[in-house]
Amino acid sequence: MAAAPGTTTGTTTAWVVDHPAPAAERPLRRVERPLEPLGPRGLLLEVRACGVCRTDLHLAEGDLPPRLPGCPPGHEIVGRVLRAGPQAAGFTEGDRVGAAWLAGTCGVCRYCLAGRENLCPDSRYTGWDVPGGYAGHAVVDADYAYRLPEGPPDEELAPLLCAGIIGYRALERAELPPGGRLGLYGFGASAHLTAQLALARGARVHVLTRSDEARRLAQDLGAASARGAYDSPPEPLDSAILFAPVGDLVPVALAALDRGGTLAIAGIHLTDIPRLDYRQYLFQERTLRSVTANTRADGRAYLAETAARPPTVHVRRYPMSRAPEALADLAADRITGVAVLLPD
């Protein structure tokens with residue numbers, strides 16, 4: 001892969017979404033595709049791990065419309081720098097780097113200038129607008145990459161880059177008071193990391209999920225209770241986060257809130273929300289909020305917090321050659337914790 005500075009040559013093996021379809025029908029196709037141009041701030045990474053996120057599933061199944069033809073999904077990338085562009089902010093060959101969902105913003109709109117770059121109308125996303133990590137190599141913008149520590153295994157760092165970061169932002173949006181009571185609806189990759197973050201901050205955590213195995217994991221991690229998704233928690237909640245992409249759970253979670261409580265919806269996709277009775281679900285100053293991507297400041301803050309208090313990451317490993325199986329297992333709720341793709 002010899003090339004002049006700022007350029008790339010050659011190809012990489014990658015999975016792409018040819019035609020969106022249910023994961024059980026294997027919508028991913030493995031191809032050999034050209035490497036992306038490096039650019040002055042680009043980093044060419046050898047992908048060492050890539051987390052499997054529910055957003056990847058939404059892209060593969062067509063819940064999110066494709067934006068870039070033949071785009072490999074994957075936005076929880078841990079890699080090693082093979083080549084850095086001439087303006088790549090001090091990155092050098094061999095550095096351990098993470099790439100996350102947010103891949104670029106305009107930098108000049110009122111949202112970017114106000115520190116709300118996740119709302120930038122021209123924002124771009126890894127695995128949606130630019131090729132992602134279901135591949136042997138990926139090119140990322142150094143300005144949106146994260147320097148990673150050398151200690152933890154690649155597969156334990158990868159989920160932090162989206163499941164962890166978006167859970168961090170959802171927890172901030174939920175405005176949990178110190179020592180507060182938090183409900184988590186759904187207990188997959190993001191929720192099992194968010195629960196540990198909230199517990200480390202002194203919260204009481206109640207988990208509501210349909211999976212028996214996930215409920216056992218929640219209790220092992222220290223949750224005060226773990227019940228069915230449509231059950232009531234044992235006490236009123238100060239805050240709740242909806243991770244399951246199920247609109248029917250919105251009124252369920254709102255009904256579990258105490259007066260003045262906040263529900264944050266963490267997913268990028270949600271099925272339709274039923275009609276809400278204002279007095280029953282929103283009166284008494286209950287708040288309903290969405291979560292839209294994350295800022296780089298969120299990512300840096302979360303990674304710093306986990307460096308001080310490393311979470312237990314429950315990983316199910318798949319070789320990259322079995323990416324379609326990983327997506328199918330995620331769709332069928334056969335994964336507790338998080339799935340991660342590793343080089344064959």
Side-chain angles (χ1 to χ4, degrees), residues 12-33 45-64 70-80 96-101 126-128 131-138 140 148 152-167 186-193 211 213-214 216-217 243-245 267-268 311-344:
T12 191
T13 303
W15 290 99
V16 300
V17 181
D18 233 0
H19 300 288
E25 297 178 15
R26 301 298 200 262
L28 296 182
R29 181 170 64 95
R30 206 167 194 187
V31 301
E32 197 73 16
R33 67 188 311 279
L45 303 184
E46 179 187 31
V47 175
R48 303 304 304 159
C50 186
V52 179
C53 180
R54 190 161 290 273
T55 301
D56 304 334
L57 182 61
H58 293 317
L59 287 164
E61 294 194 326
D63 297 322
L64 298 179
C71 180
H75 53 272
E76 298 177 336
I77 304 170
V78 175
R80 292 283 178 182
R96 196 185 202 192
V97 168
W101 179 234
T126 310
W128 198 12
Y134 284 28
H137 303 84
V140 302
L148 298 177
D154 295 325
E155 61 266 33
E156 293 184 11
L157 285 176
L160 306 185
L161 294 163
C162 179
I165 292 173
I166 205 64
F187 202 70
S190 191
H192 98 286
L193 296 172
S211 165
E213 191 173 351
R216 287 192 290 271
L217 174 59
F243 287 103
I268 192 172
T312 299
V313 186
H314 288 258
V315 177
R316 183 165 173 180
R317 298 162 180 82
Y318 293 80
M320 187 68 72
S321 58
R322 289 169 54 197
E325 180 183 338
L327 273 187
D329 286 346
L330 179 61
D333 289 330
R334 291 190 289 263
I335 295 171
T336 300
V338 60
V340 178
L341 303 175
L342 300 169
D344 290 302

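What you see is a predicted model; the values in this text were computed from it and never measured.
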Ion pair check, Arg322 and Asp344, cut-off under 4.0 Å: no

From Ser190 atom OG to Arg54 atom CZ, the distance as rounded to the nearest 0.5 Å: 11.0 Å

Rounded distance (nearest 0.5 Å) linking atom CZ of Arg30 with atom OH of Tyr134: 13.0 Å

Test log, rule side chain to side chain donor-acceptor pair (under 3.5 Å), inputs His75 and Thr126: CA-CA 5 Å; His75 53 272; Thr126 310; over 6 Å; no

side-chain hydrogen bond (donor to acceptor under 3.5 Å, both in side chains) pairs, two or more places apart, involving residues 16-26: Asp18-Arg29

Polar side-chain atom of Thr12 near backbone of His137 as donor-acceptor pair, under 3.5 Å: yes

Over all atoms of both residues, closest heavy-atom pair of Ala326 and Ile335: O-CD1, 3.8 Å

Spacing of Leu341 atom CG and Leu327 atom CG [to the nearest 0.5 Å]: 8.0 Å

Parallel, tilted or perpendicular: rings of His192 and His314 (30°, 60°): perpendicular

From Leu57 atom CG to Asp329 atom CG, the distance as rounded to the nearest 0.5 Å: 11.0 Å

Minimal non-hydrogen separation, Leu161 against Ala100, with atom names: O-CB, 3.1 Å

Residue pair Trp15 / Pro72, side-chain heavy-atom distance below 4.5 Å: no

Spacing of Arg48 atom CZ and Leu342 atom CG [to the nearest 0.5 Å]: 8.5 Å

Residues which pass salt bridge (Lys or Arg N to Asp or Glu O under 4.0 Å) with Glu61, listed by chain and number, not counting sequence neighbours: none

